[in-house]
Amino acid sequence: MQKLLENLNLEQLAAVTLPAQSALILAGAGSGKTRVLTTRIAWLLKTGQISTQGVLAVTFTNKAAREMTARLSGMISANTRGMWIGTFHGLCNRLLRAHYHDAALPQSFQILDSQDQLSSIRRLLRANNVDDEQYPPRALAYYINNAKERGLRAVNVEAFDEHEQRMVELYGLYEEQCQREGVVDFAELLLRSYELLSRNVLLREHYQARFRHILVDEFQDTNDLQYQWLRLMAGGGAVVFAVGDDDQSIYAFRGANVGNMTAFQRDFQVQNLIRLEQNYRSHGNILEAANALIANNSRRLGKNLRTEAGHGEPVRVFEATSDLNEAQYLVEEAKSLVAEGRLRSEIAILYRSNAQSRVIEHALFSAGIPYRVYGGLRFFERAEIKHAMAYLQLMDNPHNDSAFLRVVNFPTRGIGARSLEQLQNMARQHDVSLYAAIPYMSGKAGTSLAAFVRLVEGARFETQQMSLPEMVKMVIERSGLIAHYQKEKEGADRIENLGELVNAALAFLHMEGIPQDMPALYASQVFQGTPILPTESGVEVLEGEPVVEMTPLVAFLTHASLEAGESQAQEGQDALQLMTVHAAKGLEFDAVFITGLEEGLFPHENSTQEVDGLEEERRLMYVAITRAKQRLYLSCSQTRMLHGRTKYNIQSRFLDELPEGILKWITPKKQVYWSGSTSSGASHAFVVPAVAPLAATRSTGGATWRIGEAIFHKKFGDGVIVSLEGEGAQVRAHINFGREGMKLLDLSIAKLERLA
DNA sequence: GTTCCACGCGTTTTT
DNA sequence: CGCGTGGAAC
C-alpha cells in the first residue's frame with residue numbers, strides 16, 4: 001500500500017483516497033490524471049472496498065482504455081479481466097452482445113462506422129427516391145446522430161417545418177433499415193443500451209448492484225446521452241469518480257457538453273472537488289503562457305497550473321512572410337533541434353487544420369527529414385480493407401445487405417446497377433435479404449448473381465475449419481481482390497495492406513488470448529476485450545449475465561468497427577510528428593511548434609459565428625501550448641495560400657493574449673501603428689507587417705493614399721492601409737481592419753475616410 | 001462497364 | 001491549389 005501511494009503529491013493522494021462518495025477531479029494538463037485514475041482503482045481493490053467485478057471504468061479512446069488496463073496490471077496482482085474497462089462504445093457493445101435478445105438485436109449484429117453509416121443513408125435515399133441535393137446524406141447523418149445523442153427516436157422528434165418533418169421520416173426509415181439488416185451505428189450502441197437498461201428493471205438493478213464504483217476519464221467530453229447513461233448506471237447509489245478538465249474541452253462541435261461537469265456536481269451532490277494543479281510536464285514559461293491565455297475565457301471552473309521545473313526557455317515567436325517561409329523556418333529549426341541531439345519523435349508540429357500540413361510536408365520532404373503525419377485514413381477505413389472486411393462479413397452472414405452491396409460487383413463481375421435494382425425489387429417483394437433474393441432472379445443477371453452465390457458458399461465451405469488468419473488470407477485471394485489490385489497501376493500498396501490484414505487478424509487473436517488455431521467460425525465463450533473464462537475454477541459468470549458466445553470472426557469484425565486502428569505510416573523510424581491540435585490532445589513532446597497563428601485560421605473564422613466558438617478555439621490553443629515540455633515555438637505568416645488564393649492574415653489574437661515577458665521574438669515584433677477599441681468594446685491593435693514597405697503612395701480620383709495611414713470604412717470600421725497596388729483608376733489597397741481581418745479594396749469604389 | 005474530365009468544395013472528428 | 005465525386009462519353 002505504501003508503495004502504491006508513494007510519490008503522489010498531496011492533491012493526488014487526496015483524490016486517490018477519497019471516501020466512497022462521488023467526486024469531481026479537475027485535472028489540469030500534465031497533472032498525472034491517468035495515474036490518479038488507475039491508482040484510485042488499485043487503492044479501492046487493495047483496501048478491500050471493492051472486488052474486480054465491481055469496477056466500471058470508462059474512457060473515450062481505446063488507447064486510453066488500454067493504457068489504463070496496462071498500468072493497472074502493473075499495480076495489482078488480481079486479473080484486470082474481471083473489470084469492465086473500456087470506451088463508452090466498447091462497453092455498450094459488450095452489454096448489447098450479452099443481452100442481444102432483450103435489446104432486440106441479432107446475436108451477431110454488426111457495427112457501422114461513420115463511413116458505413118453514410119453509405120447506408122445514401123442507399124436509403126436512393127431506395128426512396130429522395131433528392132440528395134435537398135437532403136444531403138451528411139446532413140441527415142448529422143441530424144440522426146444528433147437526435148440519438150439527445151436520446152430521441154424518430155417517433156419522439158418534433159419537427160418544426162416540412163423539411164424537418166421529412167428528415168424525421170427518413171430517420172424513421174433509417175431505423176427500420178438498420179433493424180432489418182441487423183446493424184447498429186455508433187450512437188445506436190449508446191442509445192440502445194441506454195434503452196435496454198432503462199426499460200429492463202431486472203437488468204438495470206443487476207448492473208447497478210454490480211458496479212459500485214464508476215470511474216470516468218475525460219469527463220468534459222461526455223455528450224448528453226453518455227451522461228444520462230452514466231446516471232442510469234450509477235442510479236443504484238454507485239460512487240462516481242469523474243476526472244476531467246473543462247479547459248481542455250475541444251469537442252463541443254461533436255456534441256460534447258462541458259455543462260455535464262456542473263450538472264454532475266449538482267446531480268450527484270458532489271462534496272469532493274479536487275484540483276490537480278501541479279504540472280509535471282512543462283517548464284514555467286510554457287505554463288505561464290497557457291495560464292495567461294486561458295484566463296481570457298469566462299465560465300471556467302477555475303484552475304491554475306504550477307510547476308517546480310523553473311522558467312526554462314522563453315517561448316519563441318516567428319512571423320513568416322509566407323506559408324512557405326514558415327515551413328522553411330520549421331525545417332531549419334527542427335534540423336538544429338535534431339543536431340542538438342533531440343529525438344525527432346519528441347518534436348511535434350501542430351496546426352489547426354489538415355490543409356496546412358501539405359506545405360510543411362513538402363518542405364520536410366525536400367529537406368529529407370523523416371516525418372509522420374497523424375490523421376487521415378486509418379487502417380480499417382481503407383477501401384481495400386473495407387472490401388476484405390465485407391467479404392468476411394458475408395462469411396459470417398451473407399444476408400448482410402450493406403456488405404453484399406459493397407462487394408457483389410467488386411472486383412467487377414458483370415453485375416451492374418440495373419441488375420442490382422431488379423434484385424432489390426425482388427428482395428422487397430419477397431421480404432428477404434438481397435442474397436436470399438438471388439434464386440428468384442432469371443436471365444443474365446441471374447446467372448452472374450448465381451456465380452457470386454457459388455463464390456460465397458464455396459468460400460464459406462472451405463473456410464469452415466480454418467483459423468481466422470487462414471480465413472482472411474483465403475478470402476482476399478478467392479474474392480479476386482488481390483488479382484484485381486495486381487492489375488491496377490497503383491495497387492501495390494493496397495496489396496500490401498491486404499497482407500497486413502492477415503497479420504492484424506493474427507495480432508488480434510494474440511491480444512484476445514484466443515488460440516491461434518481455433519476455427520474462425522467456432523462459437524467460443526470469448527468476448528471482445530474480456531474472455532469470460534479466465535479463472536482456473538472454470539467459467540466465471542455472474543448471475544444475470546449470460547456467457548457471450550461469439551466466433552473469433554465476429555469478434556474480429558467488431559474489433560475492426562470499434563477501433564479503426566493506427567493511421568498507416570512508416571513505423572520504426574524516428575520521425576517528426578505532424579498533427580492537428582485536436583489529434584495532439586493527451587500527448588506530450590519535448591519541443592512543440594504551433595503554426596498558423598493567424599486570425600481566421602486559429603482562431604478559425606467559422607468558429608467565431610458559433611456560440612462560445614471563440615472560447616473553444618482558445619481552449620484548443622491551451623491544449624496546444626500545454627503539449628510542450630521544454631521548448632515552444634509559435635509561428636504565423638503574413639500571407640498564406642488557401643484554396644488557391646493568397647490570403648492576407650493578421651496575427652492571431654492569441655499571440656496578443658500571451659504575456660510579453662516570456663516571449664522571444666525571432667522576427668521583430670510588429671510595430672503597432674494604431675490602437676483603439678471597437679464599438680463592441682474589445683480593444684485591439686492595428687499592425688502592419690514587420691517588414692514594412694516604404695511609405696509608398698498612390699493617387700486615385702484626386703486623393704492620395706499612403707501605406708500606414710489610418711482610415712475609416714463604413715462597413716469594416718477603422719483600419720490601416722498595409723499595401724497599395726495599381727495605378728490611376730485601378731488602385732487597390734490591402735487594409736487591415738483589425739478583428740474584421742485584412743481586406744483588399746478597390747479605392748475607386750470603396751469610400752474611405754482619412755483619420756487624423 | 002470502364003474511363004476520363006469537369007465541377008465543387010475545402011475546421012476540428014476519441015467511437 | 002488539389003482532391004473526391006458524379007456525369008457523360010467511349
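Residue numbers start from 1 in every chain, and the chains themselves are labelled A, B, ... in the order their sequence lines are given, proteins ahead of strands.
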Distance test, side-chain N/O of [X] to OP1/OP2 of [N], below 4.0 Å:
{"X": "A:Asn62", "N": "B:dT15", "value": "yes"}
{"X": "A:Asn606", "N": "B:dG10", "value": "no"}
{"X": "A:Thr412", "N": "B:dT2", "value": "yes"}
{"X": "A:Thr580", "N": "B:dT13", "value": "yes"}

Counting any heavy atom closer than 4.0 Å, what does [X] reach on the DNA or RNA strands: base, sugar-phosphate only, or nothing?
{"X": "A:Glu610", "result": "base"}
{"X": "A:Gly586", "result": "nothing"}
{"X": "A:Arg358", "result": "sugar-phosphate"}
{"X": "A:Asp113", "result": "nothing"}
{"X": "A:Leu350", "result": "nothing"}
{"X": "A:Ser114", "result": "base"}
{"X": "A:Phe88", "result": "nothing"}
{"X": "A:Glu617", "result": "base"}

Using a strict cut-off of less than 4.0 Å between a Lys/Arg side-chain nitrogen and an Asp/Glu carboxylate oxygen, indicate whether [X] and [Y] qualify as a salt bridge.
{"X": "A:Lys33", "Y": "A:Asp217", "result": "yes"}
{"X": "A:Asp221", "Y": "A:Arg254", "result": "no"}
{"X": "A:Asp247", "Y": "A:Arg300", "result": "yes"}

Could you check how far [atom1] of [X] sits from [atom2] of [N], rounded to whole Å?
{"X": "A:Glu218", "N": "B:dT13", "atom1": "CD", "atom2": "P", "result": "16 Å"}
{"X": "A:Phe380", "N": "B:dT15", "atom1": "CZ", "atom2": "C1'", "result": "15 Å"}
{"X": "A:Leu118", "N": "C:dT5", "atom1": "CG", "atom2": "P", "result": "10 Å"}
{"X": "A:Lys585", "N": "B:dT11", "atom1": "NZ", "atom2": "P", "result": "22 Å"}
{"X": "A:Arg619", "N": "B:dT13", "atom1": "CZ", "atom2": "P", "result": "17 Å"}
{"X": "A:Glu605", "N": "B:dT11", "atom1": "CD", "atom2": "P", "result": "8 Å"}
{"X": "A:Arg66", "N": "B:dT15", "atom1": "CZ", "atom2": "P", "result": "9 Å"}
{"X": "A:Ile144", "N": "B:dT15", "atom1": "CD1", "atom2": "P", "result": "22 Å"}

Measuring from the side chain of [X] (C-beta onward, heavy atoms only), which nucleotide among [options] has the closest atom?
{"X": "A:Phe60", "options": "B:dT12, B:dT14, B:dT15", "answer": "B:dT14"}
{"X": "A:Arg378", "options": "C:dG2, B:dT15, B:dT11", "answer": "B:dT15"}
{"X": "A:His582", "options": "B:dT13, B:dT11, B:dG1", "answer": "B:dT13"}
{"X": "A:Ser607", "options": "B:dT15, B:dT12, B:dT11", "answer": "B:dT11"}

Anti or syn - B:dT11, cut at 90° from 0 =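 Here B:dT11 takes the syn form, which means its glycosidic angle is within 90° of 0.
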Give a yes or no on whether the ring-centroid distance for A:Phe88 and A:Phe60 is below 6.0 angstrom.
->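 Close enough - the centres of the two rings lie under 6.0 Å apart.
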Interatomic distance at C1', C:dT5 relative to B:dT12, whole Å |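 These two C1' atoms come out 23 Å apart once rounded.
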Is there a stack between A:Phe253 and B:dT11, judged by ring centres under 5.5 Å and planes under 30°?
->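 A stacking contact does not exist, since A:Phe253 is not both close and nearly parallel to the base ring of B:dT11.
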With centres under 5.5 Å and planes under 30°, do A:His604 and B:dT11 count as stacked?
->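 Stacked: ring centres under 5.5 Å, planes under 30°.
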Closest approach of A:Arg640 and A:Ser637, non-hydrogen atoms and distance?
->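 The pair with the smallest heavy-atom distance is NH2-CB, 3.8 Å.
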With DNA chain B as reference, determine whether A:Ile415 or A:Asn354 sits nearer its 5' end, using the nearest nucleotide of each.
->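 It is A:Ile415 whose nearest nucleotide is closer to the 5' end.
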Hey, are A:Arg66 and A:Asn62 close enough side-chain-wise for a donor-acceptor pair under 3.5 Å?
->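 No, no side-chain donor-acceptor contact under 3.5 Å.
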Among side-chain atoms of A:Tyr648 and A:Gln638, is any donor-acceptor pair under 3.5 angstrom?
->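 A:Gln638 and A:Tyr648 do not have a side-chain donor-acceptor pair below 3.5 Å.
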